[in-house]
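A short write-up of the structure that comes next.
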Protein chains: 2
Amino acid sequence: MTYCVAMRLNQGLLFASDSRTNAGVDHISTFSKMNVFEQSGERCLVLLNAGNLATTQSVVTKLRKRIGSDEPNLMNVSSIFDAAELVGDEVKGIITGYERGQANQGAIDFSCTFLLGGQIKGEHPRLFLIYSAGNFIEATRDTPYFQIGESKYGKPIIDRVVKPETSLREAVKCALVSFDSTMRSNLSVGLPIDLALVDTDSFQVTFRHRIESNDPYFGTISQQWGEGLKRVFNGLEPPDWLDI
Amino acid sequence: MTYCVAMRLNQGLLFASDSRTNAGVDHISTFSKMNVFEQSGERCLVLLNAGNLATTQSVVTKLRKRIGSDEPNLMNVSSIFDAAELVGDEVKGIITGYERGQANQGAIDFSCTFLLGGQIKGEHPRLFLIYSAGNFIEATRDTPYFQIGESKYGKPIIDRVVKPETSLREAVKCALVSFDSTMRSNLSVGLPIDLALVDTDSFQVTFRHRIESNDPYFGTISQQWGEGLKRVFNGLEPPDWLDI
């Protein structure tokens with residue numbers, strides 16, 4: 001499993017991804033799920049992936065191989081929408097190819113999902129969620145964030161906190177709380193967490209940080225959140241109709 | 001979808017279930033998912049169900065039809081383990097029967113899960129989670145609770161709070177917070193919530209309450225919890241390494 005989240009806020013874009021992959025509980029490895037495509041001052045795209053590692057690695061490798069050629073690629077398309085279409089086409093092509101070779105179609109799950117966000121000169125910052133079928137949806141003011149992978153445990157806090165007006169500083173706090181909740185409940189999501197911020201109109205990754213297991217700030221957040229939840233719970237009014 | 005939770009605590013057993021069923025978002029109905037089998041002072045069993053409604057209704061009806069006959073039934077077996085075996089056998093039999101009739105096996109999901117807990121004279125209180133295959137597991141001191149249905153959103157708070165020593169009063173609070181989180185995130189889980197408590201060695205439902213949409217206590221808990229979470233979040237230390 002995997003957990004990735006991306007937010008499109010007025011101040012900029014936030015990306016966060018865990019780095020645990022597993023093929024069974026006895027085959028756990030660390031792979032970064034964050035890829036950056038940047039030409040400082042002109043474009044900055046960040047791609048996060050979840051799902052079948054063979055598929056996602058192939059997609060990223062093929063996207064990188066195109067760069068420098070004359071064909072459309074992530075460094076020459078003129079919009080994030082076009083970039084999402086490129087990613088979607090690669091995903092669909094690779095999965096279709098894998099499935100065509102299978103004697104027993106559907107027996108292996110080759111599927112994956114991507115989050116692609118960033119800004120290209122001439123556009124505002126945009127964020128897309130790309131499915132295995134190659135199709136995709138875009139974040140809006142009403143829904144300014146997307147998650148892929150193990151999304152449920154970490155969703156409630158984002159729903160309560162994140163709006164387009166939320167500052168990147170608050171959003172980082174929120175993303176880390178969301179990761180803390182997810183990692184507590186699902187062993188297949190694990191540190192390190194890759195974090196990247198792309199300020200609006202900066203056309204570059206303005207902040208990047210890898211949170212390892214000994215990260216003091218993440219430890220503090222995790223502890224303060226846990227203690228805070230218990231305090232709030234203990235302060236809840238007891239059921240007065242319960243005579244025990 | 002559905003959400004049910006049951007806890008086996010030193011003070012007694014807690015059962016809670018929502019009552020929304022849906023066959024698509026345009027076909028939503030209210031069905032209680034809680035069934036009680038009680039002979040006051042001698043035995044008390046509570047059965048919660050999730051999954052295919054046709055299957056779960058058939059299972060419960062067949063279990064009820066057996067009562068009064070000489071064959072083993074929920075009112076004459078001598079242990080909760082035997083009762084779980086009866087439920088499991090019914091589940092397996094009904095699903096196998098449905099599937100045998102299908103031209104395209106596996107096309108319809110007939111599966112369901114049950115939580116069965118209670119106490120029969122001569123035994124301590126016990127709690128089982130019964131699967132579609134008819135097999136089941138029992139709650140222990142290490143894992144004193146089970147959930148069925150949409151379990152993820154409401155799991156973190158239970159993991160943080162519930163231990164065998166937790167009082168039923170605290171457990172009710174915890175169950176309601178767990179339902180509040182679940183209903184906020186999944187529209188297919190909805191009020192009313194059926195709540196039942198079975199005190200240890202009482203051999204009866206000692207408390208039963210149905211939480212409707214205008215329940216003042218549930219409203220208070222929901223509001224206090226939401227405000228508390230925001231307060232804790234706002235009080236979390238900001239990331240000092242983030243210079244924005």
Side-chain angles (χ1 to χ4, degrees), chain A residues 11-12 150-161 167-178 180-182 184-186 195 197 199 202 206-207 209 211 215-244, chain B residues 11-12 150-161 167-178 180-182 184-186 195 197 199 202 206-207 209 211 215-244:
Chain A
Q11 217 185 323
E150 175 58 276
S151 60
K152 291 190 178 185
Y153 298 113
K155 188 169 185 292
I157 187 63
I158 305 182
D159 281 334
R160 287 182 197 263
V161 168
S167 71
L168 282 173
R169 187 182 274 267
E170 288 294 289
V172 166
K173 263 170 58 177
C174 179
L176 294 189
V177 170
S178 178
D180 180 54
S181 303
T182 308
R184 267 171 192 280
S185 293
N186 189 325
L195 182 70
L197 303 180
D199 285 13
S202 73
T206 37
F207 180 81
H209 182 55
I211 293 161
D215 189 274
Y217 180 65
F218 188 62
T220 305
I221 284 270
S222 173
Q223 191 194 343
Q224 288 182 350
W225 181 248
E227 288 170 359
L229 285 190
K230 281 203 182 145
R231 209 166 49 240
V232 173
F233 181 79
N234 290 332
L236 291 179
E237 209 172 285
D240 51 8
W241 32 258
L242 191 59
D243 189 23
I244 49 169
Chain B
Q11 217 185 322
E150 175 58 277
S151 60
K152 291 190 179 185
Y153 298 114
K155 189 170 185 289
I157 187 63
I158 305 181
D159 280 334
R160 286 182 198 264
V161 168
S167 70
L168 283 172
R169 187 182 273 269
E170 288 294 290
V172 167
K173 263 170 57 176
C174 179
L176 295 187
V177 170
S178 178
D180 180 53
S181 304
T182 308
R184 268 172 191 278
S185 293
N186 190 326
L195 183 70
L197 303 180
D199 286 11
S202 73
T206 37
F207 180 80
H209 183 55
I211 293 160
D215 189 273
Y217 179 65
F218 189 63
T220 305
I221 284 271
S222 173
Q223 192 194 342
Q224 288 182 349
W225 182 247
E227 288 169 359
L229 285 190
K230 281 202 184 145
R231 208 166 50 241
V232 173
F233 181 79
N234 291 333
L236 291 180
E237 207 170 286
D240 51 8
W241 32 258
L242 192 60
D243 189 24
I244 51 170

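Labels below follow one simple rule: chain letters A, B, ... track the order of the sequence lines, proteins then strands, and each chain is numbered from 1. Treat the numbers as computed from the prediction; the structure is a model and nothing was measured.
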Among A:E170, A:H209, A:K173, A:E227, who wins on heavy-atom pairs under 4.5 Å with chain B? A:K173

So what's closer than 4.5 Å to chain A heavy atoms on B:K155: side chain, backbone, both or neither? side chain

So what's closer than 4.5 Å to chain A heavy atoms on B:R184: side chain, backbone, both or neither? side chain

Which side-chain N or O atoms in residues 229-239 of chain B pair as donor and acceptor under 3.5 Å with protein atoms at least two apart or in another chain?
| from | atom 1 | to | atom 2 | distance (Å) |
| --- | --- | --- | --- | --- |
| B:N234 | ND2 | B:K230 | O | 3.2 |

Please name the pair of heavy atoms, one in B:Y153 and one in B:T182, separated by the smallest distance, quoted to 0.1 Å. CB-CA, 3.9 Å

To the closest 0.5 Å, what do you measure between CG (A:N186) and OG (A:S151)? 10.5 Å

Hey, could you give me the CD1/OH distance between A:I211 and A:Y217, rounded to the nearest 0.5 Å? 9.0 Å

Most contacts with chain A, counted as non-hydrogen pairs under 4.5 angstrom, among B:I157, B:I221, B:V161: B:V161

